[in-house]
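Everything on this sheet refers to the single structure shown next.
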2 protein chains.
Amino acid sequence: MAATIKQVAEIAGVSKATVSRVLNDSKPVRPETRERVLQAIKALDFQPNSTARSLVFKKSRTIGVVITDIANLFVSVLVKGIEKIAFNHGYNIIICNSHGSAEKEIELLLMLHNKQVDGIVFLTSRLKKEHKSFLREASVPISLVNVSYDESNLVGIRIDNSKAAYDITSYFLKKGFTRGGMIRAPLEDQYTGQERFDGYRQALQDHGVPFNEDFVKTGTLDARDGYRIGREIIKENLNLEALFVACDLMAFGTMKAIFDQGLKIPDDIEVAGFDDVPMSSYYHPSLTTVRQPIDKMGRLAAEMVINLIEGKKIDQWEIVLPHEIVLRDSTAKDAYKPLPTPE
Amino acid sequence: MAATIKQVAEIAGVSKATVSRVLNDSKPVRPETRERVLQAIKALDFQPNSTARSLVFKKSRTIGVVITDIANLFVSVLVKGIEKIAFNHGYNIIICNSHGSAEKEIELLLMLHNKQVDGIVFLTSRLKKEHKSFLREASVPISLVNVSYDESNLVGIRIDNSKAAYDITSYFLKKGFTRGGMIRAPLEDQYTGQERFDGYRQALQDHGVPFNEDFVKTGTLDARDGYRIGREIIKENLNLEALFVACDLMAFGTMKAIFDQGLKIPDDIEVAGFDDVPMSSYYHPSLTTVRQPIDKMGRLAAEMVINLIEGKKIDQWEIVLPHEIVLRDSTAKDAYKPLPTPE
DNA sequence: ATATTATAGGAAACCGGTTTCCCCATGTCA
DNA sequence: TGACATGGGGAAACCGGTTTCCTATAATAT
């Protein structure tokens with residue numbers, strides 16, 4: 001059984017208050033007394049009970065993280081960034097998978113809030129009424145990833161998704177392609193999902209290429225669904241020159257389906273993804289994609305929420321990080337460019 | 001500011017004790033009193049402070065999870081399984097990345113222990129003295145994943161790694177290959193790393209194929225290092241017929257390097273991995289590998305630790321789950337077998 | 001030498017719950 | 001009608017820390 005401060009006090013022959021003072025050196029303690037206390041602490045291998053401290057301080061040094069699915073590569077890289085910063089600041093993270101269900105998201109947010117987390121990092125792609133009312137009334141700081149929503153005590157971290165989608169689409173259009181399709185996220189995804197689609201459409205329009213709704217499919221952002229849609233696309237004989245897939249993971253599935261139908265990438269069809277997960281350089285062919293600074297997003301999300309927890313002044317409540325088009329082999333029809341050796 | 005039980009008691013005109021009784025119906029309360037209390041609870045939107053409850057109950061309903069790296073696919077799938085079960089039982093998980101450093105592992109284990117987690121799931125591939133002394137003295141139940149170590153209050157979840165490596169190596173040997181290499185985990189990996197290597201060697205020996213140490217390379221289980229080693233292998237002109245890579249993620253890097261050197265898989269060299277992460281079916285070519293029931297391992301690890309927390313009797317302290325050789329295109333030199341459509 | 005000020009450290013209150021202990025008001029039985 | 005069991009609910013102790021408040025002693029000033 002773990003030792004308590006009372007036991008330490010007893011064997012050191014002092015009061016609990018003195019032990020506490022030694023632990024936190026919150027008030028001066030005579031060196032010889034301090035020594036006795038330290039001896040006692042060592043003898044009992046005493047560690048202060050952090051639950052009791054949390055109760056007094058009303059701080060748990062814990063950050064709640066609500067994500068869609070930890071097994072998704074984008075998410076796990078993000079969480080890694082969050083954890084790194086949190087740990088460096090002495091915080092732990094509690095992670096909860098919502099599996100994309102809005103009801104579960106709400107449930108998790110309330111649960112974390114009730115569990116006395118000091119702050120929350122919330123990754124989502126849509127905000128329903130219940131989300132908004134939670135965000136409005138929450139008494140802890142929150143970092144919202146991928147969503148822009150203006151509310152006090154909220155910081156937003158994201159990239160410009162519609163511009164990013166516009167850029168990658170334009171890359172295809174500049175090659176002269178007129179039959180470029182897209183696999184988009186489900187319609188409920190009001191933010192990233194919708195924005196990327198908007199960017200795609202806008203690019204078509206600005207380049208004077210008519211929008212063809214047959215060229216657009218909707219998938220659930222995982223490899224399995226990417227595969228399903230990839231097969232569909234090939235079977236429908238749409239003769240696409242290029243395909244922009246809203247997420248790398250799904251793109252892998254789609255490419256696999258294309259290969260399984262006997263076509264070649266990029267020779268028969270060029271493919272681009274979105275995210276630049278680590279795997280994208282190692283797929284064969286390596287995947288052209290839109291790089292989000294995922295690690296940085298995670299770190300910033302954690303840093304911001306910690307700053308808010310610790311009462312620091314925030315001057316920027318919405319952070320839009322730069323994206324980057326990373327050209328690789330999946331769109332290199334003309335010249336085969338081998339992957340630059342990862343350092 | 002969140003309401004307290006005292007405020008509820010006041011506006012309901014009862015004592016704190018009565019409110020507590022209503023909340024937990026631990027003792028009968030007159031219906032009309034209960035009603036008044038419930039009204040007050042609703043009026044104040046009162047939620048009992050879980051830190052205070054934890055202090056009384058000496059239970060935090062939290063499980064600590066120490067892993068190497070959440071961005072590793074094997075790990076994130078494992079964690080997903082853990083989280084699922086934990087959530088179903090009303091537990092939260094705190095995750096901590098050790099980045100494979102033994103010192104950090106110890107630090108994290110102690111920290112979690114001190115943070116009053118009710119149990120720990122620990123994924124590691126080696127146990128140093130300090131680990132063992134922690135495991136011996138910890139006052140909370142622990143699930144050890146991937147390691148077999150006999151100690152009270154410890155449950156082990158793993159597959160038979162050496163048999164699994166033996167099986168996949170034998171698959172190559174039965175094809176008549178005599179030049180089959182392996183990329184193994186670092187030497188510090190006493191468990192999974194060493195065991196998989198032992199299985200490889202044993203298979204060679206049992207099939208009368210001499211062991212060639214030039215055919216064995218060591219890598220850090222990530223795609224980047226897999227790439228580095230892949231290049232090395234090709235440059236060394238070892239003329240390997242097959243390559244068994246100790247982890248799928250690393251295998252992807254290795255395959256990429258092989259392609260970048262202008263060789264073909266499986267035509268020029270066959271490759272097999274280990275783990276069967278979801279990505280393995282979607283790589284091109286799909287990867288032959290040893291399937292570990294990762295999700296199940298995570299779920300069992302959580303389930304076991306929860307059973308222990310809740311005082312249930314455990315009859316099996318060491319669980320060795322079955323593995324399975326999954327043959328796919330990366331070893332299908334002879335016949336091209338398209339990927340069976342994922343349902 | 002006396003008055004004043006620091007300093008060390010103890011007692012007790014507090015954080016927000018749960019639970020034991022006890023009392024009071026009923027209801028039941030003889 | 002008196003003795004006794006029963007159920008409801010309040011006061012207080014408790015979980016394990018931190019902090020305020022206060023006192024006794026030592027140090028400094030006059």
Side-chain angles (χ1 to χ4, degrees), chain A residues 1-41 44-62 90 111 113-118 139-140, chain B residues 1-41 44-62 90 111 113-118 139-140:
Chain A
M1 192 46 45
T4 71
I5 201 173
K6 196 172 159 194
Q7 294 168 20
V8 173
E10 270 164 19
I11 87 164
V14 297
S15 72
K16 294 194 308 175
T18 303
V19 178
S20 175
R21 282 164 193 146
V22 171
L23 284 169
N24 311 301
D25 35 50
S26 46
K27 263 182 91 178
V29 169
R30 204 155 11 110
E32 95 184 37
T33 316
R34 146 172 274 110
E35 195 46 42
R36 284 217 314 285
V37 171
L38 292 174
Q39 295 283 336
I41 288 176
L44 293 178
D45 191 27
F46 169 74
Q47 303 271 99
N49 178 315
S50 69
T51 304
R53 307 188 83 211
S54 294
L55 183 58
V56 175
F57 292 135
K58 297 173 190 302
K59 288 280 172 238
S60 59
R61 295 204 81 81
T62 303
M111 184 267 289
H113 194 259
N114 178 232
K115 189 143 182 167
Q116 316 290 119
V117 295
D118 298 339
S139 61
V140 298
Chain B
M1 190 48 45
T4 71
I5 200 173
K6 197 172 159 193
Q7 295 168 19
V8 173
E10 271 164 19
I11 88 164
V14 298
S15 72
K16 295 194 306 175
T18 302
V19 178
S20 175
R21 283 167 193 143
V22 171
L23 284 168
N24 312 300
D25 34 50
S26 46
K27 263 182 94 179
V29 170
R30 210 164 356 121
E32 94 184 39
T33 316
R34 146 174 273 110
E35 195 45 44
R36 284 217 314 285
V37 172
L38 291 175
Q39 295 284 336
I41 288 176
L44 293 178
D45 191 26
F46 167 75
Q47 302 272 99
N49 178 315
S50 69
T51 305
R53 308 187 84 212
S54 294
L55 184 58
V56 174
F57 292 135
K58 297 176 191 301
K59 287 282 173 238
S60 58
R61 294 205 81 81
T62 302
M111 183 268 287
H113 194 257
N114 177 233
K115 190 141 183 170
Q116 317 290 119
V117 296
D118 297 340
S139 61
V140 298

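Computed from a predicted structure; not experimentally measured. Chain identifiers are assigned alphabetically (A, B, ...) following the order of the sequence lines, protein sequences preceding nucleic acid strands; residue numbering begins at 1 within each chain.
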Under 4.0 Å, counting only non-hydrogen atoms across every strand here, what does [X] touch: a base, just sugar-phosphate, or nothing?
X	result
A/A3	sugar-phosphate
B/V19	nothing
A/V56	base
A/T33	sugar-phosphate

In whole angstrom, what separates [X]'s [atom1] from [N]'s [atom2]?
X	N	atom1	atom2	answer
A/L55	D/dC15	CG	P	14 Å
A/N114	C/dG16	CG	P	14 Å
A/D25	C/dA8	CG	C1'	15 Å
B/K59	C/dT19	NZ	C1'	18 Å
B/K16	D/dC14	NZ	P	14 Å
A/E32	D/dA26	CD	P	12 Å
B/Q116	D/dC15	CD	C1'	11 Å
B/I5	D/dC15	CD1	P	18 Å

Between [N] and [X], is there an OP1 or OP2 to side-chain N/O distance shorter than 4.0 Å?
X	N	result
A/T4	D/dC15	no
B/N24	C/dT18	yes
A/R30	C/dG9	yes
B/S50	C/dG17	no
A/R21	C/dA8	no

With respect to the side chain of [X], which nucleotide from [options] is positioned closest?
X	options	answer
B/K58	D/dC15, C/dG17, D/dG10	D/dC15
A/F57	C/dG16, C/dT19, D/dT19	D/dT19
A/T18	C/dG17, C/dG9, C/dG16	C/dG9

Heavy-atom side-chain proximity of [X] to [Y] below 4.5 angstrom:
X	Y	value
A/V19	A/V14	yes
A/N114	A/M111	no
B/T33	B/T18	yes

Is A/T62 reaching over with its side chain to a backbone N or O of A/S60, donor-acceptor style, under 3.5 angstrom?
yes

No-H, no-angle donor-acceptor pair, B/R34 side chain to D/dG8 base, under 3.5 Å
no

Between B/V14 and A/K27, which has a closest nucleotide on DNA chain D that is more 5'?
B/V14

Shortest non-hydrogen separation from B/T51 to A/S54 and the atoms involved
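Nearest heavy atoms, B/T51 then A/S54: CG2-CB, 3.7 Å.
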
Quick one: closest heavy-atom pair of B/S20 and B/S26, and the distance?
O-OG, 4.4 Å

